[in-house]
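Here the structure is laid out as C-alpha cells; the discussion comes afterwards.
For the single chain, residues carry numbers from 1 onward in sequence order. Both ligands and their constituent atoms are indexed starting at 1 by order of listing.
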Amino acid sequence: MQDIRLLRKSLETKKIGVLELVTELLQKFEDNSLGAVLCVNKDESIKQAKEAQKKIDAGISEPLLGVPCAHKDVFVTKYWKTTAGSRILSDYFSPFDATVVKKIAQSGAICLGKSSCDEFAMGSANQNCAFGTCLNPWDENAIPGGSSGGSAALVGAGHASFATGTDTGGSIRQPSAMCGVTGMKPTYGLVSRWGIVAYASSLDQAGPIANSAYDCGLVLNAMAGFDPRDSTSQKIDKVDYCELMNGNKEKAGNRPLKDLVLGLPKEYLAAIYSEDVAFAFEEAVRTYEKLGATVKEVSLPHTKHSVAAYYVIAPAEASSNLSRFDGVKFGHRSSGATTLDELYIDTRSEGFGAEVKRRILVGSFVLSHGYYDAYYNQASKVRRLVLHDFEATFKACDFLLCPSSPVVAWDIGTQPDFGTSFNGPENVPKEYLADLFTVGASLAGLPAISVPCGFGKGNLSRRPIGLQVIGPHFSEQRILQIADMFQTVTNWHTLKPFEKT
Ligand code: GLN
C-alpha cells in the first residue's frame with residue numbers, strides 16, 4: 001500500500017478509481033487471511049467509495065478523501081457490528097458512530113471494516129480476542145501485538161492505508177512496533193473518547209496507526225479536536241500536525257536536529273530484554289546523533305513501580321466500566337436464568353473471557369473496602385510520582401527515546417520469555433511486563449509514537465522492532481517531526497513483509 005500522499009495523487013490523477021481500490025481491498029478483508037478483521041459491510045464501504053469518487057470528480061481535494069482505513073472494534077459504528085473482541089457484544093450494533101469514526105468519515109476516508117483486538121482492549125498480544133487469533137503479517141507464527149493488533153496487522157500487510165487504535169497502556173505503540181508500522185498515542189484528552197467502548201477511562205486514548213509519521217499526522221489532523229460529549233476532551237487551538245514534517249530527504253538538511261536534546265531513560269535501557277531490541281535501538285540512537293541531536297542518559301526512578309500501578313488502576317476502572325454489561329442494557333443475555341442474580345451471573349460468566357474476568361476480580365478487589373487504601377490509593381500515588389518523573393526529565397531533555405517493547409513479538413500461544421527477570425507469581429501473565437516501556441507515558445497522559453527501527457536477528461529475523469519517542473503534553477507536532485526526521489534517513493517504515501531482505 002502506497003503512503004497516503006502517493007495514493008491521493010493516484011486517486012486525483014485517476015490512475016486508480018476509489019471503487020476499484022476499495023473493491024480490491026474489501027476482497028482482502030473478506031478473505032481475512034490474517035484473522036485481523038472482525039466485521040465487513042461491503043455495501044456501506046462501496047457507498048462511501050462512490051461518494052468519495054463523486055467528490056474527487058467534482059475537483060474536491062482533501063488529504064484523506066478516498067483513502068481506505070479500518071477501525072479498531074472498540075469504536076462504535078452504526079453500520080458495522082461493534083464487539084470489542086468480546087462474546088458479550090458479539091451481535092451488538094450501536095445506534096450511533098463514535099466521534100472519531102464520524103470525523104474520519106467526514107474527512108472522506110473509506111471504512112473497510114472493523115479490526116480485531118483483545119477483548120475490551122485488555123492484552124498485549126491480541127490473544128484475548130473471543131473471535132480467534134490474529135497473525136503478524138511479518139511472521140505468521142508471531143503475535144501481532146495488542147490490543148490494537150488487528151489494526152496494526154492490516155496496515156502492516158498493506159490491506160488498509162491507516163487504522164484507528166486505542167492505547168490505554170501501550171496498545172497503539174506496541175502492536176505498531178511488532179507489525180513494523182508507525183503508531184501514535186496522543187496526549188490524553190486530545191482525541192475524543194465518545195463512542196469508544198471504555199476500558200480504563202482515565203488512560204484510554206485513541207490514535208492513528210499508519211505507514212509513516214507523516215501519515216499519522218494526516219490522520220491525527222482528522223481525529224483530534226474538542227468534543228463537548230467527552231468531559232475530558234481538551235480545548236486547544238487547532239494544530240496542523242504535519243506542519244513541521246519535511247517528508248523528504250533533500251529538505252532535511254545537514255544536522256537538522258542540532259538543537260534537540262534526547263533523553264534515554266536508564267531504567268528502560270536496563271530492562272531491554274532482547275539483544276535484537278538493544279541492537280536496533282542503539283542504531284537508532286546513532287541515527288539521531290548523526291542528525292545532530294544530543295543524546296544523554298536521564299532517570300525515571302519510579303519506573304519499577306509503573307507496571308504494578310498500571311495493573312491496579314486499569315483493572316479498577318475496568319471493573320467499574322464493565323458493570324454495564326449485565327444482560328439487561330447491552331449485548332448478550334443468558335437465556336436460562338430464572339432470577340435477576342442468575343441473569344447477571346450467567347450473562348457475565350458466558351460473555352466474558354478469562355482475562356476480562358481476572359481484571360474484574362482484581363479491580364473489584366483493589367477498590368473494595370479495606371483494600372482501597374492499600375492498593376488503589378497507593379497506585380494512584382505512584383501514578384503521580386511517575387508523572388513527576390517525566391516532568392523532571394523534560395527539564396533535562398526535550399524528548400525521551402526508548403524502544404517500544406523490551407522484546408520482539410513472541411510466538412502465538414505463548415507468553416514472552418523474561419527469564420529470571422520475571423519474578424511475579426506464576427499465574428500472572430508475563431505479557432504484563434512487556435508493557436514496561438509504554439505504561440509510564442499512559443499513566444502520565446503523555447503523547448508518544450512508535451516507529452519501525454529494524455528487525456530481530458536469527459530465528460526472529462522477520463519480527464519488526466519499534467523505537468519510541470515520548471514528549472511533554474501536547475507536543476504531538478514536534479514528536480511527529482522527530483519521528484519524520486528519522487524516517488527521512490531510514491527506510492524501515494517503507495519495507496513490507498513480502499519485500500524484506
Ligand atoms: N497491555 C495493556 C493492558 O492489557 C495495555 C492495553 C491497552 O493499551 N489497551 O492493559
For ligand 1, is there an atom lying under 4.0 Å from some heavy atom of [X]?
X: Tyr310; answer: yes
X: Ala314; answer: no
X: Glu355; answer: no

Inset, instruction - Could you tell me whether Met122 and ligand 1 have an N or O pair separated by under 3.5 Å? - result: no

For ligand 1, which part of [X] has a heavy atom less than 4.0 Å away: the side chain, the backbone, both, or neither?
X: Tyr199; result: side chain
X: Lys72; result: neither
X: Ala121; result: both
X: Asp435; result: side chain

Legend entry - Chi angles and distances behind the salt bridge (charged side-chain N to carboxylate O under 4.0 Å, His left out) call for Lys103, Asp97: CA-CA 10 Å; Lys103 277 174 165 272; Asp97 282 330; over 6 Å; no

Inset, instruction - Considering only non-hydrogen protein atoms, determine which one is nearest to atom 7 (C) of ligand 1 and report residue, atom name and distance to 0.1 Å. - result: Ser171 OG, 2.4 Å

Inset, instruction - Determine, step by step, whether Glu317 and Ser201 satisfy the side chain to side chain donor-acceptor pair (under 3.5 Å) criterion, reporting the C-alpha distance in whole Å, the side-chain angles of both residues, the deciding distance to 0.1 Å, and the verdict. - result: CA-CA 7 Å; Glu317 295 185 20; Ser201 309; 4.7 Å; no

Legend entry - Whether Tyr375 and Phe365 hold their rings parallel, tilted or perpendicular, with breakpoints at 30° and 60°: tilted

Inset, instruction - Evaluate the ring planes of Phe352 and Phe120, with Trp represented by its six-membered ring, and classify them as parallel (under 30°), tilted (30 to 60°) or perpendicular (over 60°). - result: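 Ring orientation, 0 to 90° scale: perpendicular.
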
Inset, instruction - Would you check if there is a donor-acceptor pair between the side chains of Ser299 and Glu267 at a distance under 3.5 Å? - result: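 Yes, Ser299 and Glu267 have a side-chain donor paired with an acceptor closer than 3.5 Å.
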
Inset, instruction - Say whether Asp204 and Thr166, considering side chains only, have a donor N or O and an acceptor N or O under 3.5 Å apart. - result: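 No pair is found: no donor N or O on one side chain lies under 3.5 Å from an acceptor on the other.
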
Inset, instruction - Heavy-atom contacts with Gly169 under 4.0 Å: which atoms of ligand 1 show up? List them by number with element. - result: 5 (C), 7 (C), 8 (O)

Legend entry - Atoms in ligand 1 flagged as close to Asp167, the criterion being non-hydrogen separation under 4.0 Å: 8 (O)

Legend entry - Salt-bridge criterion met for Asp411 and Arg463 (N-O under 4.0 Å):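 Arg463 and Asp411: salt-bridged.
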
Inset, instruction - Decide ring-ring contact (aromatic ring centres under 6.0 Å, His included) for Trp410 and Phe418; before the verdict, give the C-alpha distance in whole Å, the side-chain angles of both, and the deciding distance to 0.1 Å. - result: CA-CA 11 Å; Trp410 51 94; Phe418 289 106; 7.7 Å; no

